[in-house]
Amino acid sequence: MQTLTLNIGGMSCGGCVKSVTRILENTEGVAKAEVSLEKQNAVIEFDPAKTNAAALIEAVEDGGYDAAL
């Protein structure tokens with residue numbers, strides 16, 4: 001497992017946090033996602049054989065939020 005921290009833009013409430021968490025946890029290869037509204041980021045534990053940073057960023061952006069390393 002690898003851990004990656006993404007900066008997430010566009011979150012304004014707890015509902016946004018739940019949404020981003022759900023998007024990430026539903027991405028194949030993601031074991032755990034801890035999303036912080038205060039820090040505007042997500043710490044993601046994932047299997048590098050199944051997904052990568054680009055795919056995780058794309059998933060978050062497809063959900064309507066900004067994501068960057």
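In this chain, residues are counted from 1 in sequence order. Quick caveat, the model's predicted, so the values are computed rather than measured.
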Visitor: Could you walk me through whether D47 and M1 pass the side-chain contact (heavy atoms from CB on, under 4.5 Å) test, one step at a time?
Guide: CA-CA 5 Å; D47 180 348; M1 286 288 167; 4.2 Å; yes
Visitor: Can you name the residues that form a side chain to side chain contact (heavy atoms under 4.5 Å, CB included) with Q40, not counting sequence neighbours?
Guide: M11, L37
Visitor: Look up atom CG in L4 and atom CG in N41, then write down how far apart they are to the nearest 0.5 Å.
Guide: 10.5 Å
Visitor: How close do G10 and C16 get, counting heavy atoms only, and between which atoms?
Guide: O-SG, 4.3 Å
Visitor: Roughly how far apart are E34 CD and T21 OG1, rounded to 0.5 Å?
Guide: 9.0 Å
Visitor: Quick one: do V43 and V60 end up in the same hydrophobic cluster if we chain Ile, Leu, Val, Met, Phe, Trp and Tyr together by side-chain heavy atoms under 4.5 Å apart?
Guide: no
Visitor: Give the intermediate values and the outcome of side-chain contact (heavy atoms from CB on, under 4.5 Å) for residues I57 and L69.
Guide: CA-CA 8 Å; I57 289 169; L69 287 173; 4.2 Å; yes
Visitor: Measure the spacing between CD1 of I23 and OH of Y65 and express it to the nearest 0.5 Å.
Guide: 6.0 Å
Visitor: Under 3.5 Å, is there a donor-acceptor pair between the side chain of T27 and the main chain of V30?
Guide: no
Visitor: How many angstroms lie between atom CG of L24 and atom CG of L6, to the nearest 0.5 angstrom?
Guide: 7.0 Å
